[in-house]
Q: 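This structure is in structure tokens; I'll ask about it shortly.
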Protein chains: 2
Amino acid sequence: MRADARRNRARILEAAAAVFAEHGPSASTEEVAARAGVAIGTVFRHFPTKGDLLAAIMKDLLARLTAEAETLAKDGDPATALFAFFERMVREAADKRTVAGALSDGGGEFGVAAPVQALGEPIGALLAGAQRAGAVREDVRLDEVLALLTGLCQGALHAGWDTGLRGRTLAIVFAGLRP
Amino acid sequence: MRADARRNRARILEAAAAVFAEHGPSASTEEVAARAGVAIGTVFRHFPTKGDLLAAIMKDLLARLTAEAETLAKDGDPATALFAFFERMVREAADKRTVAGALSDGGGEFGVAAPVQALGEPIGALLAGAQRAGAVREDVRLDEVLALLTGLCQGALHAGWDTGLRGRTLAIVFAGLRP
DNA sequence: GGCTAAAGTGAGCCGGTGCTCATGATGTGG
DNA sequence: CCACATCATGAGCACCGGCTCACTTTAGCC
């Protein structure tokens, strides 16, 4: 692959991440191209379909989140790591429409069902650790945690969720998870 | 207003409610017209803008929910009425994309900011009643309850939230609200 | 430096959608 | 029953966004 092609690919990915984070998946490909400083044709050369571009962005995002969850599960304090990850994800979802979009892709709308499932694994580890540490009730299941997470992320990108409200809302959910 | 006009208006509203509930606000006006059994022009005669049609549907929906909340606040058991209303709304949101759409209209995207605020009032009454009855912690605020409600409604219309999961997830939130 | 394959370009095609308007149909008061 | 205002109709317009492709530019190798 030629050097300029690699360069442009990177610029397109960066621009797409910013544009889709701000305007959601409905943002136009032209806007991505403009932000990347390339022509439309170049975007479609690297990503034959808008869906491919979206999937690339979301896979990248989910991979980063998965890595963070794994790190937390390995090195974090089991009693607080799950809650910390919640906080982390909801904060990110608040200004990245991509997060909520990716998480709710159960139907495979963006082709990132597998990465989402992969994210579930380390979250399961976080949950198990929290339960062993006595920080979360034993009867809480992973699917419930994921449901709460997607719901909170969805809600976070809508009006009025300033930092204070976000924290207080999360606190209520955390209280519901504790024994 | 002529009789046939009233009849068609009602059919359009009914069709729009069904179509938007199923496919969300992005559904086409033509589909609404087809379902109502009228021509496109007729839809635009009654609702000059697609936004007007959406607003009408959502206002109607929110008014019904508001009425239900008021009834519950007046006649229901204060200790359980708030939870019952949560259950009710989330269940409806699960198969009506309109609910989540309307609730998250803080930015006035669909012009139903006022009806949403009106819905907040009786919910505040439900919250106050639950707190007096000792069913909800005293330090829980209305905005937190509304945030949880919107988040859960958003999450409810996405993959995997079968009845069981929905109930268990709500149970966790309820546990977080209790003293 | 010259050559070639790889990459970039952007006007344009196409399908879809919100909305209009000239025309025809119809309900209704007198 | 008739006249007319109200209403319904649907082809068509304007616009938008995904995507293509003939053509131009350029990177990298000899």
Side-chain angles (χ1 to χ4, degrees), chain A residues 1-59 97-98 101-102 105 107-112, chain B residues 1-59 97-98 101-102 105 107-112:
Chain A
M1 189 150 117
R2 257 165 56 173
D4 57 342
R6 250 200 317 275
R7 213 171 32 236
N8 276 337
R9 196 177 201 284
R11 298 184 64 184
I12 289 169
L13 278 172
E14 190 181 356
V19 169
F20 290 138
E22 188 171 354
H23 304 302
S26 64
S28 75
T29 316
E30 275 201 24
E31 199 173 336
V32 173
R35 182 141 182 171
V38 300
I40 304 263
T42 306
V43 176
F44 281 98
R45 165 177 288 273
H46 289 279
F47 304 93
T49 279
K50 183 186 174 180
D52 294 333
L53 181 53
L54 260 171
I57 297 295
M58 290 186 170
K59 269 180 195 157
R97 304 185 86 85
T98 338
D105 188 35
E109 186 183 354
F110 305 123
V112 291
Chain B
M1 190 149 116
R2 255 164 57 173
D4 56 342
R6 247 200 321 275
R7 213 171 32 237
N8 276 337
R9 195 176 202 283
R11 298 184 65 185
I12 289 169
L13 278 173
E14 189 181 355
V19 169
F20 289 138
E22 187 171 356
H23 304 302
S26 63
S28 74
T29 316
E30 275 201 23
E31 198 173 337
V32 173
R35 183 141 181 170
V38 300
I40 313 261
T42 307
V43 177
F44 283 99
R45 162 177 288 273
H46 288 279
F47 304 93
T49 277
K50 183 185 173 179
D52 294 333
L53 181 54
L54 260 171
I57 297 297
M58 290 186 171
K59 270 180 196 153
R97 304 185 87 84
T98 339
D105 188 33
E109 187 183 352
F110 306 123
V112 291

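Here is the naming used below: chain letters follow the sequence lines, and residue numbers restart at 1 for every chain. From a predicted model like this one, the values you see are computed outputs, not experimental measurements. The figures that follow rest on heavy atoms only: side chains count, while hydrogens, waters and symmetry mates do not.
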Q: How many whole angstroms separate atom CD1 of A:I40 from atom P of D:dG17?
A: 10 Å
Q: 5'-most contact on DNA chain C: A:G41 or A:M1, nearest heavy atom basis?
A: A:M1
Q: Measure the shortest side-chain to side-chain distance between B:H46 and B:N8 over non-hydrogen atoms and say whether it is less than 4.5 angstrom.
A: yes
Q: Check the distance between C:dG10's P and A:N8's CG and give it to me in whole angstrom.
A: 12 Å
Q: Which is more 5' along DNA chain D, the nucleotide nearest A:F44 or the one nearest B:R9? Just name the residue.
A: B:R9
Q: Among C:dG8, D:dT9, C:dG18, which is the nearest nucleotide to the side chain of B:S28?
A: C:dG18
Q: Atom CD1 of A:I12 to atom P of C:dG8: distance rounded to whole Å?
A: 7 Å
Q: Quick check: do B:F20 and B:L53 have side-chain heavy atoms less than 4.5 Å from each other?
A: yes
Q: Please tell me which of B:D4 and B:T49 maps to the more 5' nucleotide of DNA chain C, matching each residue to the nucleotide holding its nearest heavy atom.
A: B:T49
Q: Grab the CD-C1' distance between B:E30 and D:dA11 for me, whole Å please.
A: 11 Å
Q: For the base of C:dA7, is there a side-chain donor-acceptor partner from A:R2 under 3.5 Å away?
A: no
Q: A:E31 versus A:E22: any side-chain heavy-atom pair under 4.5 Å?
A: no
